[in-house]
Amino acid sequence: MTDTTTEKVARPHRAAPPVRKTQAPRHVRLRRGLTPWLFLAAPLILLITFTYAPVANMVAYSFTDWDGVSPELSYTGAENYAEIFTRGELFQVFFVSGYYLAASVVQIAAALYFATILSFNVRFRNFFKGVLFFPYLINGVAIGFVFLYFFQDGGTLDSVLRLLGVESDRAWLGTSTSANASLAGVSVWRYMGLNFVLFLGAIQSIPGELYEAAELDGANRWHRFRYIIAPGIRPVLSLSVILSISGSLSVFEIPYIMTGGATGTETFVIQTVKLAFQFNKTGLASAAAVVLLLIILAVTWVQRRLVPDDKVDLV
């Protein structure tokens, strides 16, 4: 009896046979593979139709002498690009972008300041958030007309200065320097709300435990900004710099409405529009647009190489 029991105990158990996974039918696997593409079909069609196809046409037109009206066009090779790089006046308009580039620095600094202040517990902070973001919601054409009356001779700005005891007979949009400075100031007022919202969202995404630990350690608001907020919003700050540089190079709306490019306020985009629709040089204008696109891509690439978007870990 004992031997029999020992034999039963010593006998190894047989492993259970492996469960075979049944492969789904082919039509089911095909449907699963096509389902994501069906959801992506509509946005991809819209993206290709209204973004990539026009860009491809623009590149094709840049190698022709098309006037934008005639059904016939002839291939001219790289003559349009050679004309752009050999005619100095076509590139002089980029100096105007320097005003907007300087204004973007002020814009980012002001947006970061207000976002930092309103991230703390201050009175009426929701009211001030709305006030700062409201200009970004206004149509650019409306802003251009409003500030056109604001800067005109004897307009709102002169009336306010007169109330403050300052007599001014300056034509704010009459000279190149004052006009570009005024237009750059309008761009600061309009677009600061976008950067403000980006910075505020990035600041509020920082874990609250870090602020509590810093407060327990006796850190003041400057220390919290320097060691917590500034490193935490670095990716968003990098994005804002890219948007500001590309926006400074492609300014169009405000100077076109307020001055039409007169008194030395013509930007590269306004010049391109005039080449296409005023002088009927669509081929040359397309080449100018391609050059602007390449410049923006190059600036973005350099900025990303100098300031890589590393993952921020504050914990």
Side-chain angles (χ1 to χ4, degrees), residues 37 40-101 139-145 148 176 179-180 183 187 191 242-304:
W37 292 104
L40 292 173
L44 284 177
I45 291 174
L46 294 175
L47 184 65
I48 293 173
T49 303
F50 296 104
T51 301
Y52 294 112
V55 169
N57 288 332
M58 180 183 68
V59 174
Y61 292 146
S62 67
F63 295 99
T64 66
D65 62 350
W66 189 40
D67 58 2
V69 179
S70 174
E72 299 180 357
L73 51 89
S74 58
Y75 177 77
T76 59
E79 290 184 5
N80 292 327
Y81 294 96
E83 183 175 358
I84 290 175
F85 288 103
T86 54
R87 288 175 56 182
E89 64 272 14
L90 295 180
F91 265 88
Q92 287 178 355
V93 293
F94 273 115
F95 290 105
V96 177
S97 300
Y99 288 92
Y100 297 94
L101 190 61
N139 182 268
V141 177
I143 290 177
F145 280 112
L148 184 62
S176 175
N180 283 310
L183 296 177
S187 68
Y191 292 105
I242 293 175
L243 294 177
S244 298
I245 294 176
S246 61
S248 301
L249 295 175
S250 58
V251 177
F252 171 73
E253 205 171 41
I254 292 176
Y256 186 78
I257 295 297
M258 295 182 64
T259 63
T263 63
T265 60
E266 187 177 57
T267 62
F268 194 80
V269 178
I270 294 178
Q271 177 182 260
T272 302
V273 171
K274 287 184 177 181
L275 287 174
F277 300 104
Q278 184 174 343
F279 300 106
N280 294 329
K281 294 183 178 181
T282 305
L284 182 60
S286 299
V290 172
V291 170
L292 178 61
L293 177 61
L294 294 177
I295 291 175
I296 292 176
L297 292 177
V299 170
T300 303
W301 181 81
V302 171
Q303 195 272 339
R304 300 292 288 179

Is there a donor-acceptor pair under 3.5 Å between the side chain of [X] and the backbone N or O of [Y]?
X: Ser246; Y: Leu243; result: yes
X: Trp66; Y: Ser70; result: yes
X: Thr259; Y: Thr265; result: no
X: Asp65; Y: Thr76; result: no
X: Asn80; Y: Ser62; result: yes

Is any side-chain heavy atom of [X] closer than 4.5 Å to a side-chain heavy atom of [Y]?
X: Phe63; Y: Tyr81; value: yes
X: Val96; Y: Glu266; value: no
X: Phe252; Y: Thr272; value: no
X: Leu284; Y: Phe279; value: no
X: Val251; Y: Val269; value: no

* Asked: Would you call the rings of Phe268 and Phe94 parallel, tilted or perpendicular, where under 30° means parallel and over 60° means perpendicular?
  ->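 Rings of Phe268 and Phe94: parallel, as their planes differ by under 30°.
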So which atom in [X] and which in [Y] form the shortest heavy-atom distance, rounded to 0.1 Å?
X: Ser176; Y: Gly264; result: OG-O, 3.7 Å
X: Thr282; Y: Ala276; result: OG1-O, 3.9 Å
X: Met58; Y: Ser286; result: O-CB, 3.4 Å

To the nearest 0.5 Å, what is the distance between [atom1] on [X] and [atom2] on [Y]?
X: Glu253; Y: Ile270; atom1: CD; atom2: CD1; value: 10.5 Å
X: Ser97; Y: Ile245; atom1: OG; atom2: CD1; value: 11.5 Å
X: Ser244; Y: Leu249; atom1: OG; atom2: CG; value: 11.0 Å
X: Leu148; Y: Ile257; atom1: CG; atom2: CD1; value: 9.5 Å
X: Ile48; Y: Leu44; atom1: CD1; atom2: CG; value: 6.0 Å

* Taking it one step at a time, do Leu183 and Tyr100 satisfy side-chain contact (heavy atoms from CB on, under 4.5 Å)? -> CA-CA 8 Å; Leu183 296 177; Tyr100 297 94; 3.4 Å; yes
